[in-house]
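Quick caveat, the model's predicted, so the values are computed rather than measured.
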Amino acid sequence: MIVSALLKIMNSNMDLVYQDMVTKVQQEISLQQVMSHIASAKKDMIILEKSEFSALRTENEKLKSELEQLKKQLTDEITKARANNKLDFNLEKSRVKEMYTDNERKLLELRTEIVEMHSQQDRAQTQTKRKIDTEVAGLKTMLESHKLDSIKYLAGSVFTCLTIALGFYRLWM
């Protein structure tokens, strides 16, 4: 009885142990299932990686093409800006040249006017000088004549006084 009880206990223990254990066939099946899951996960990862890589590549290509377009637009804008600046510079340069020629012409006109005014002033000054010289000469002549007349009258007056004085002297003497 004890042996049969021990055998029962041992069989039940063994059944419990066998329940926890797997047979070789079951282990192979489980291993194949795990390996197939790993392989499918690898395939999924590779596919995902390839699709992400191709998506990144297409996005990169798209960005490159957009960058090239932006580069072309920037180059065009720079070219336009340079052309506009060059045109503005040339227009400003021609405007400055026109202003310079206008100023030169005005300066030449002013110089001509100044020279003409100087010549008119010189003529007027010469005429005034001649008039003054003529007047001075006339005044000198008049002064000389008045001086001569004054000397005549003085001499006449002196001789008259002298004659009167001599007349009185003779009368008194």
Side-chain angles (χ1 to χ4, degrees), residues 28-167:
E28 286 290 325
I29 292 171
S30 293
L31 182 64
Q32 288 298 326
Q33 286 175 349
V34 168
M35 290 304 262
S36 71
H37 283 305
I38 290 174
S40 70
K42 265 187 178 180
K43 284 180 186 176
D44 289 343
M45 286 179 68
I46 290 172
I47 290 170
L48 183 63
E49 193 175 290
K50 283 184 179 180
S51 66
E52 281 184 20
F53 183 72
S54 64
L56 286 174
R57 181 179 284 164
T58 56
E59 190 176 332
N60 191 17
E61 291 297 322
K62 186 190 276 185
L63 288 175
K64 277 184 181 179
S65 65
E66 286 178 11
L67 184 63
E68 286 297 320
Q69 287 176 350
L70 287 174
K71 206 175 199 181
K72 284 180 183 179
Q73 286 177 349
L74 182 63
T75 305
D76 291 342
E77 289 296 321
I78 288 172
T79 305
K80 284 180 186 177
R82 282 183 180 168
N84 285 339
N85 286 343
K86 196 171 189 178
L87 180 64
D88 289 344
F89 180 74
N90 287 336
L91 287 173
E92 192 65 24
K93 188 177 177 182
S94 64
R95 190 180 67 79
V96 167
K97 281 183 180 180
E98 287 176 12
M99 285 175 52
Y100 179 75
T101 55
D102 285 346
N103 286 339
E104 284 292 320
R105 183 181 44 80
K106 287 178 183 177
L107 183 64
L108 188 61
E109 289 173 1
L110 286 175
R111 282 183 184 167
T112 307
E113 287 180 22
I114 289 171
V115 167
E116 187 177 319
M117 288 176 147
H118 278 302
S119 64
Q120 287 176 356
Q121 190 178 14
D122 287 344
R123 276 183 272 160
Q125 191 177 15
T126 305
Q127 287 175 355
T128 307
K129 201 173 190 180
R130 283 183 195 154
K131 284 181 183 177
I132 290 173
D133 287 344
T134 307
E135 289 291 322
V136 167
L139 287 174
K140 279 184 181 179
T141 308
M142 196 186 325
L143 183 65
E144 286 294 323
S145 71
H146 286 301
K147 191 171 155 185
L148 203 54
D149 286 343
S150 295
I151 290 174
K152 282 184 201 173
Y153 290 129
L154 183 66
S157 298
V158 169
F159 282 125
T160 305
C161 286
L162 196 63
T163 307
I164 291 175
L166 279 175

I132 vs V136, side chain to side chain contact (heavy atoms under 4.5 Å, CB included): CA-CA, chis, key distance, verdict: CA-CA 6 Å; I132 290 173; V136 167; 4.0 Å; yes

Out of curiosity, [X] [atom1] to [Y] [atom2], how far, rounded to the nearest 0.5 Å?
X    : Y    : atom1 : atom2 : result
L107 : T112 : CG    : OG1   : 9.0 Å
T101 : K97  : OG1   : NZ    : 10.0 Å
F159 : L166 : CZ    : CG    : 11.0 Å
E135 : T128 : CD    : OG1   : 11.5 Å

Enumerate, atom names and distances included, each donor-acceptor pair closer than 3.5 Å involving a side-chain atom of residues 84-91, sequence neighbours excluded.
from	atom 1	to	atom 2	distance (Å)
N84	ND2	K80	O	3.4
N85	ND2	A81	O	3.4
N90	ND2	K86	O	3.4

For [X], enumerate each residue passing the side-chain contact (heavy atoms from CB on, under 4.5 Å) test, keeping only those at least two apart in sequence or located in another chain.
X    : result
K147 : E144, I151
H118 : I114, Q121
D149 : K152, Y153
R123 : S119, Q120

Which residues satisfy the side-chain hydrogen bond (donor to acceptor under 3.5 Å, both in side chains) test with R95, sequence neighbours excluded?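 Testing R95 for side-chain hydrogen bond (donor to acceptor under 3.5 Å, both in side chains), a comparison that skips the adjacent residues, returns E92.
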
Residues in salt bridge (charged side-chain N to carboxylate O under 4.0 Å, His left out) with E113, at least two apart?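 Applying salt bridge (charged side-chain N to carboxylate O under 4.0 Å, His left out) to E113 gives none.
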
Partner residues of R105 under the salt bridge (charged side-chain N to carboxylate O under 4.0 Å, His left out) criterion, sequence neighbours left out: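 R105: salt bridge (charged side-chain N to carboxylate O under 4.0 Å, His left out) contacts with D102, E109.
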
Side-chain donor-acceptor distances from residues 61-78 under 3.5 Å, at least two apart:
from	atom 1	to	atom 2	distance (Å)
S65	OG	E61	O	3.4
S65	OG	K62	O	2.7
T75	OG1	K71	O	2.7

Please table the atom pairs, donor to acceptor, closer than 3.5 Å between any side-chain atom in residues 28-47 and protein atoms at least two apart or in another chain.
from	atom 1	to	atom 2	distance (Å)
S30	OG	Q26	O	3.1
S36	OG	Q32	O	3.4
S36	OG	Q33	O	2.8
S40	OG	S36	O	3.3
S40	OG	H37	O	2.9

